[in-house]
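Data block below; observations after.
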Amino acid sequence: MKYPELSLLIDGEWITGGGRATVPVINPATEEVLGHLPLATAADLDRALAACQRAYPAWRAMAPHLRGRILHKAAELLRERAEEIAQIATVEEGKTIHETRIELGMAAEVFTWYAEEGRRAYGRVLPQRSPGVRMTVVKEPVGPVAGFAPWNFPLGNPARKLGAALGAGCPVIVKPAEETPASALAIAKALVDAGVPAGVIHVVFGVPAEVSQHLLTSPIIRAMSFTGSIPVGKALAKLSAEGMKRTTMELGGHAPVLVFDDVDVEAVLDLAVAAKFRNAGQVCVSPTRFFVHESIYERFVAGFAARAKALPVGNGLDEKHRMGPLAHDRRLPAVEAMIQDAIAHGAKLQAGGHRLPGKGYFFAPTVLSDIPDTARIMNDEPFGPIAVINPFKDFDEVIQKANRLPYGLAAYAFTQSARRVNLLGEQIEAGMIGINSFTIAVPESPFGGVKESGHGSEEGIEGLDACMVTKFITES
Ligand code: NAD
């Protein structure tokens, strides 16, 4: 795999430097510098904004099935380039090649979904109030969109931002994470090669706060979509409010996992350990707070710890590994501090808890049990390879524990009781609930949270709707 030259994409031009400031991109498994990323200047951002404005009328006027053809073609190109792109994502982000292959497949499916869904942006005709009167509701593209995508899904996150806007007929400026630029550029290249016209998509990098400030204070941008932490999301929501821009906010989570006493414990453990350590836990819907019925608690904790200790950790390019490094060096002290705080509050360390020796930002898969609610990890998103496990006695108690935090992104529960499943569906405060499953994100389902985890959804019919506005027309 040859790591590609890094660039910006503005108005159809791949801009590779030209004296702009750069930041190094680091392979988190080896700490080697992969390349130098040029950062957009204010003039670059203004150029992208102006190009969006110029390209908007023609892209909006293109029939949705023709826009769909381009998205279908881009999906096809991604599938053809799958192995090369998966390797790029692994060296940039650290997650295993198994995971980046799956992520690439999902990114392609996201384009396929929006290619089709754009043709179904139906309006409606309302029943007449009097003869000769016709009342219709139509959906229109919202206008140029700004998307901010983090590093943890270096392919999937940019694909969601780009796919929704393009499918709806909107130009889009996306600012992917500076840690994982080549992955995002590979996604954009598939779109350009498939025929997205110049000016319709732009990929920019920079100092995140400066880029978002610049784009969100421009009247050209009509909607924004952000995936990242709650504090940054709140800051961007305030900026967007100044211009009354539509927002989609995919923020953090602290997903509870309720394990009742009627399950096959070993089977749940196999699923739970794989889900917990996927992408080293750096996933907004990662299962983070395990609540296990007291009658199976000790067995569950021991089984989790044994599996965590046996997990093959190492460079994600090596097929035998099941967990790679943390994505950047900032996560190491953050994860360590959370574990130390939990232990200081009386938690029991059952596995891991330390960095792994040698090069790379590797951290041992960690299991903590018996953690008091006062520990920081019971309240703040861990965003790392740490499973926290506590016991519960009864249904009402565990629902209260699950809903205790201001987060409301994902939640999971394992039980064979149909009655309990119904009650869980009614009572858990989350945007997505997996019952006997950790698979909650597919292109046709809405992905989003409630409470401080954000608002709006990506994917599903809701994902397209986020990039559209509603217009009512009455004729008499
Ligand atoms: P961070 O908050 O500095 O950055 C998170 C992401 O937001 C990055 O991609 C960054 O480029 C972007 N960002 C930060 N400030 C921004 C701004 N003012 N305008 C636009 N974009 C901005 O944190 P980090 O150290 O990279 O990651 C740690 C935390 O971020 C985690 O604890 C987690 O809560 C959160 N995070 C969440 C997700 C998610 O999927 N919801 C993904 C990545 C990170």
Side-chain angles (χ1 to χ4, degrees), residues 23 25-26 28 37 39-40 45 92-95 103 146-161 173-181 183-184 203-217 221 224-240 245 247-255 278-286 288 326-338 361 363 376-377 379-386 405-410 431-432 440-441 447-449 451-459:
V23 287
V25 178
I26 312 280
L37 177 68
L39 303 184
L45 299 177
E92 283 190 335
E93 205 269 355
K95 67 173 73 172
E103 188 180 336
F148 301 91
W151 41 264
N152 62 335
F153 285 87
L155 305 167
N157 284 327
R160 283 177 169 180
K161 310 286 174 214
I173 302 174
V174 68
K175 192 207 79 60
E178 286 66 30
E179 290 85 357
T180 54
S183 304
V203 183
V204 298
F205 300 97
V207 176
E210 289 173 12
V211 177
S212 51
Q213 168 83 21
H214 197 107
L215 296 181
L216 295 178
T217 50
I221 296 297
M224 73 84 79
S225 178
F226 173 73
T227 303
S229 64
I230 291 175
V232 175
K234 286 181 177 174
L236 298 192
K238 282 183 195 147
L239 265 182
S240 303
K245 299 173 202 302
T247 53
T248 304
M249 293 289 178
E250 302 290 357
L251 307 179
H254 207 330
R278 176 167 80 112
N279 197 12
Q282 302 164 116
V283 179
C284 53
V285 295
S286 183
T288 45
L326 304 188
H328 49 66
D329 56 359
R330 301 190 297 282
R331 295 305 311 148
L332 285 167
V335 161
E336 255 168 358
M338 276 206 169
Y361 311 137
F363 202 89
R376 199 152 67 75
I377 202 163
N379 299 284
D380 295 347
E381 184 177 28
F383 228 68
I386 317 168
L405 298 181
Y407 298 95
L409 191 59
M432 296 166 281
I440 51 162
F447 186 97
K451 297 163 78 177
E452 291 200 13
S453 291
H455 56 242
S457 302
E458 297 192 279
E459 307 185 341

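Counting from 1, the numbers follow the sequence of the chain as shown. Counting starts at 1 for both ligands and their atoms, following the listed order. All values reported here derive from a predicted model rather than from experimental measurement.
Looking only at distances, no side-chain donor or acceptor of E458 sits under 3.5 Å from a matching main-chain atom of F447. A distance-only check finds a donor-acceptor pair linking the side chain of K95 to the backbone of N152 [under 3.5 Å]. At distances below 3.5 Å, at least one donor-acceptor pair connects side-chain atoms of K451 with backbone N or O atoms of L405.
Every atom of ligand 1 with a heavy atom of A177 under 4.0 Å away is listed here by number and element: 9 (O). Residue-ligand proximity, S212 to ligand 1, at heavy-atom distances under 4.0 Å covers atoms 17 (C), 18 (N), 19 (N), 20 (C). Residue contact check: P150 has heavy atoms under 4.0 Å from atoms 9 (O), 42 (C), 43 (C) of ligand 1.
Not close to ligand 1: Q282, with no non-hydrogen atom less than 4.0 angstrom away.
Between E179 and ligand 1, not a single N/O pair is under 3.5 Å apart.
Every residue two or more places apart in sequence or in another chain that forms a side-chain contact (heavy atoms from CB on, under 4.5 Å) with E452 is listed here: I230, K234, P406. Remark: T288 engages H254, A255, K276, S286, P382 in a side-chain contact (heavy atoms from CB on, under 4.5 Å) (not counting sequence neighbours).
Among N152, L409, L216, the residue whose heavy atom lies closest to atom 42 (C) of ligand 1 is N152. The residue from F226, F205, F383 that puts a heavy atom closest to atom 38 (C) of ligand 1 is F383. Compare E381, R331, M249 by their heavy atoms: the one nearest to atom 29 (C) of ligand 1 is in R331.
In L236, the part holding a heavy atom less than 4.0 Å from any atom of ligand 1 is the side chain. At a heavy-atom distance under 4.0 Å, only side-chain atoms of K175, from C-beta outward, approach ligand 1.
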